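A short write-up of the structure that comes next.
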Amino acid sequence: MTLLPRAVRHLAPLLPLVLLASPVPAQDGSAPPAPKSLQTGEQTPWIYRGSDVPRDKEWQFGEMPNGLRYAVRHNGVPPGQVSIRVRIDAGSIHETDSEQGFAHLIEHMTFRESKYLADGAAIATFQRLGATFGSDTNAETTPTQTVYKLDVPDATPAKLEEVFKLLSGMIEAPALSAKGLSEDRPIVLAEMRERAAAAQRVAEESRKTIFAGQRLANRLPIGTEATLNAATPAAVKAFHKRWYRPENAVVVVAGDSDARTLAGLVEKYFGGWKGVGPHTPAPDFGDPKAPAGADPANPVGETQVLVEPDLPRSLTYAVMRPWRPVNDTIKYNEGLLLDSLAQSIINRRLESRARAGGSYLYAQVNQEDVSRTADATFVTFAPLTEDWSAALSDVRAVIADALANPPTQEEIDREMAEFDVAFASSVEQRAVLAGSKLADDVVQAVDIRETVAAPETVLTVFRGMKDQFTPANVLAHTRSLMTGDVIRSVYVTPDASEATPAALRAALLAPVEADGSARVAAKSISFTDLPPIGTPQQPSSTAPLGLLDIQRVAFPNGTTALLWSNNGEPGRVTVKARFGAGWRSFAPEDAVYAKLGESALVSSGLGELGQEELDRISNGRKMGFDFEIDDGVFDFTAQTREADLADQLYLFAAKLATPRWDANPVQRAKAASKLAYESYSTSPSGVLQRDLQYRLYDRDPRFATPTAAQLDSATPAGFRRVWEPLLKQGPVEVLIFGDFKMADAVAALSRTFGALPPRAAIPAATLARSVTVASSAQPEVLFHRGDSNQAAAVIAWPTGGGVASLPESRQLQILTELFNNRLLEEMRERTGASYSPQVSSDWPVDIATGGTVSAAATVRPQDVPAFFAATDQIARDLVANPPTADELARVTEPLKQSISRASTGNTFWLWQLEGASTDPQRVRLLRSLLNDYTQTTPQAMQALAAKYLTGRQPFRLAVIPQGQTLATQVEGQSASVSR
């Protein structure tokens with residue numbers, strides 16, 4: 001049973017359904033028959049065979065005569081939604097050499113045309129049902145599986161009948177026609193083209209080395225250009241016939257419907273599916289094997305050095321073991337928990353060494369079962385300089401100490417406390433786990449051939465094995481993790497002279513001396529030992545906000561707070577503290593410190609607590625400390641729980657009252673930024689990430705990505721000079737939404753934010769800084785150093801900002817979705833020029849300028865003019881002609897369903913009410929939110945398009961390969977003109 005009664009009761013007057021979704025006719029108007037294949041009573045459900053893990057009784061399982069297995073459960077989060085997953089046990093690893101990419105290609109073609117869906121009708125059909133394309137309607141292909149995903153909002157019985165009918169037709173009988181192949185092949189090739197070239201090359205070559213001799217080594221789900229271009233309808237159909245069979249399929253359904261009804265729908269629509277021809281067993285995935293003559297004590301095998309001039313250095317070595325199916329027993333899971341704890345101890349030591357100014361930026365150990373191909377332990381790190389061998393030696397030395405000597409019991413207890421709070425939180429919050437997440441968890445369990453367990457089971461198993469967490473046991477599991485049949489390694493470097501495969505192999509074979517200096521002291525720190533923020537102050541006023549049960553609390557120092565205590569999300573409390581002026585705070589010459597602050601401000605410490613002490617004081621607690629610079633305000637945010645709320649508030653308030661200025665986090669942030677900077681040039685998307693905001697906002701230095709020279713000139717002293725006054729400026733607003741006691745929260749605020757000293761005023765010059773959106777008669781041109789067939793294009797129209805026009809900004813979102821549908825149809829579905837063109841609306845709320853409607857796409861260089869022509873034409877048509885009623889319904893219905901689902905969570909309301917403690921109009925305008933997003937007319941959209949998409953030259957930007965010139969004519973028309 002879900003626990004949303006109070007929240008939903010209070011939301012009712014705020015979120016009228018406006019227009020109920022039009023009912024969708026059922027296939028034959030009859031209810032689904034009672035299920036016949038549910039495994040009940042003493043039957044062992046198929047997923048628990050060979051396991052003694054207690055069943056999660058909220059799931060019901062069935063296995064039909066045709067071999068199809070299913071899992072169903074009732075889940076009311078979010079209300080009204082049903083999440084359906086259809087998993088096919090076939091991915092890229094099942095392909096023959098000539099079929100590479102076929103599993104993924106079929107995923108696309110399945111949505112193109114099928115038994116009950118006409119050519120190109122799937123996206124529009126699911127939008128009319130309220131499902132957003134790309135989030136509610138999606139699919140994914142991995143080496144081992146293809147999964148079709150559909151989240152159905154407002155899932156009435158009639159709508160569920162229709163959805164199961166459509167989905168069954170897609171899976172069993174896609175058209176896979178010559179026409180469909182000709183239309184989907186360019187889309188898949190566009191998807192391949194949009195991947196960052198350098199990163200993709202590294203991924204492909206690394207896979208060849210790490211999985212040498214195994215099928216996974218050369219089978220990426222995207223396939224190859226050669227095999228995709230050679231694909232024929234007959235070959236694609238042969239792959240589908242071989243692998244799309246009911247015995248290879250699992251259907252998982254979780255949602256706001258009776259579980260037996262869901263089981264009946266699965267059986268009704270998938271029960272008649274029959275495989276054609278004999279069953280084909282899965283191919284042998286192969287095992288990792290050491291080369292002849294390898295030392296069994298240190299079986300170093302294949303090594304590779306990959307040279308990518310624009311990528312930062314990184315080194316990975318993998319300890320490889322064969323993957324084997326397991327009986328997913330309690331004993332097996334106890335072993336996994338010991339493995340996880342052993343990794344946590346090593347990773348904490350590696351991080352401690354990096355924080356202290358070591359030879360590497362980061363390092364991590366991670367065990368992973370990869371695509372049913374290998375049980376591997378990966379060690380990955382980023383050398384800070386060209387001396388990669390010193391960094392490798394330092395990382396290996398820390399691991400060597402973990403292999404030679406047991407950890408202390410204090411170290412073990414520290415990690416156990418972290419595990420315990422995570423597992424306990426899962427139990428507290430199980431009532432609000434989304435059905436989509438639950439369904440995905442079952443799919444993942446099926447893929448790795450394991451079971452599913454209720455959160456209570458996980459916590460019980462963990463707490464029941466505490467006497468097993470001994471130094472000797474952890475040492476044994478650490479040694480097991482770092483022992484394997486072969487060790488393989490890949491080093492990525494910008495400089496070919498730095499290393500050779502032989503040198504890398506020699507470094508891995510070299511003996512290493514254990515380094516115990518990175519062992520982390522486990523001494524606990526108590527909040528009771530920390531100094532008070534100041535003299536506690538009682539609220540100067542407490543009053544209802546006039547919305548829900550939210551209380552507005554004000555303190556004499558100017559701090560205001562919004563508190564909403566509700567049982568909508570048991571065990572979860574969201575906290576946000578807003579202060580200062582955000583991006584407006586920075587003078588042009590200080591912009592580098594803004595970017596560094598995003599990484600280093602929190603880790604530079606507070607009061608007596610440096611980064612290590614912050615880790616220790618939050619050990620075994622559910623606490624967070626995220627920092628963000630917004631348009632007009634700075635934010636601290638955390639997910640916590642009632643027991644930790646007071647201490648969470650102390651951390652946030654102490655950062656403002658007594659900030660600490662440790663130098664190492666700043667130096668580390670500088671190093672990370674420098675390593676990343678050149679990598680932006682490897683692809684069009686990287687260049688956009690680096691330069692788009694700067695160019696879009698009229699070359700405002702605040703939004704420029706710092707160069708290596710600017711980073712070199714930045715100092716810890718300069719960091720403090722910029723940030724110290726900013727932490728003291730402007731009133732503070734605190735928002736606390738979730739499962740907590742009101743009186744306790746007010747008392748904690750009195751001791752923390754209410755006790756802060758008076759805040760300095762934000763300077764008038766700061767508040768006066770605005771954001772200007774650039775315009776350009778001709779596209780600005782930037783260059784990347786990636787593949788010669790990659791380019792990107794962006795166009796943006798200026799809009800506005802501020803609270804007063806929020807209703808219009810919401811209507812603008814409808815216009816944006818209309819634009820997005822048309823651009824997707826033109827650039828992806830009709831021409832295959834771009835895989836994922838996107839149109840978005842950005843409307844700053846805390847400042848009055850800087851809003852945009854923007855469209856972006858990754859395309860071939862010769863298709864840049866086609867993108868600009870398409871966006872110009874769509875904009876002109878939206879101005880000249882009102883959209884049809886069906887077009888509007890395809891946009892407003894998904895928006896309505898998205899808002900209705902999101903509104904059942906506290907975070908949605910917290911976001912909507914930021915700033916409302918001092919700005920009453922935010923409360924007033926919240927009452928019209930759903931109407932604003934879903935109620936409009938074709939004429940209103942036409943008028944909005946005329947207001948924002950005409951009258952001023954938009955901003956245009958193109959990113960093309962270095963050495964090329966910008967095409968200016970649509971391909972097939974007159975010749976291009978060089979710039």
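Worth knowing before you read on, the calculation uses all heavy atoms, side chains too, and leaves out hydrogens, waters and symmetry mates. Remember, it's a predicted structure, so these values are computed and weren't measured experimentally.
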Worksheet item: When you look at Thr144 and Ile448, which way does the side chain to side chain contact (heavy atoms under 4.5 Å, CB included) test go after all the steps?
Response: CA-CA 9 Å; Thr144 53; Ile448 62 176; over 6 Å; no
Practice prompt. Starting from the C-alpha separation in whole Å, work towards a yes-or-no answer on side chain to side chain contact (heavy atoms under 4.5 Å, CB included) for Ile106 and Tyr244.
Written response: CA-CA 10 Å; Ile106 287 173; Tyr244 277 64; 3.7 Å; yes
Item to complete: Establish, for the pair Arg488 and Tyr317, whether the NZ or CZ atom is under 6.0 angstrom from the six-membered ring centre and no further than 45 degrees off its axis.
Response: no
Could you tell me whether the side chain of [X] and the main chain of [Y] form a donor-acceptor pair under 3.5 Å?
X	Y	value
Ser182	Lys179	yes
Thr892	Leu888	yes
Thr146	Ala90	yes
Ser834	Thr858	yes
Arg699	Ala704	no
Arg372	Asp447	yes
Ser679	Leu311	no
Arg215	Glu95	yes
Asn248	Trp243	yes
Gln710	Thr707	yes

Closer than 4.0 angstrom, basic N to acidic O: yes or no for [X] and [Y]?
X	Y	answer
Glu308	Arg201	yes
Arg185	Glu225	no
Asp787	Arg193	no
Arg860	Glu194	no
Arg956	Asp872	yes
Glu678	Lys674	no
Asp151	Arg901	no

Give a yes-or-no answer on whether the side chains of [X] and [Y] include a donor-acceptor pair shorter than 3.5 Å.
X	Y	value
Tyr680	Thr705	no
Glu99	His94	no
Glu302	Thr209	no
His104	Glu140	no
Ser685	Ser683	yes

Worksheet, complete the sentence: Interatomic distance, CG@Asp691 vs CG@Leu696, rounded to 0.5 Å, equals 12.0 Å
Fill in: Distance, nearest 0.5 Å, that separates OG of Ser788 from CZ of Arg785
15.5 Å
So, using side chain to side chain donor-acceptor pair (under 3.5 Å) as the criterion, who are the partners of [X] when residues are at least two apart?
X	value
Arg828	none
Gln214	none
Asp877	Arg822, Asn881

Item to complete: List the steps and the verdict of ring pair (Phe, Tyr, Trp, His ring centres under 6.0 Å) for Tyr694 and Phe703.
Response: CA-CA 5 Å; Tyr694 172 62; Phe703 303 106; 9.1 Å; no
Practice prompt. Check step by step if side-chain hydrogen bond (donor to acceptor under 3.5 Å, both in side chains) holds for Gln693 and Asp700.
Written response: CA-CA 9 Å; Gln693 272 199 321; Asp700 188 328; over 6 Å; no
Practice prompt. Go through Leu823 and Phe867 one step at a time and tell me if the side chain to side chain contact (heavy atoms under 4.5 Å, CB included) criterion holds.
Written response: CA-CA 9 Å; Leu823 188 63; Phe867 169 83; 4.2 Å; yes
Fill in: Criterion side-chain hydrogen bond (donor to acceptor under 3.5 Å, both in side chains) on Ser83 and Gln81, from CA distance to verdict
CA-CA 7 Å; Ser83 295; Gln81 176 173 295; 3.2 Å; yes
Worksheet entry | Residues Glu107, Thr141; criterion side-chain hydrogen bond (donor to acceptor under 3.5 Å, both in side chains); working and verdict | CA-CA 7 Å; Glu107 172 206 311; Thr141 303; 2.6 Å; yes
Worksheet item: Is the closest side-chain heavy-atom distance between Ser681 and Arg690 below 4.5 Å?
Response: yes
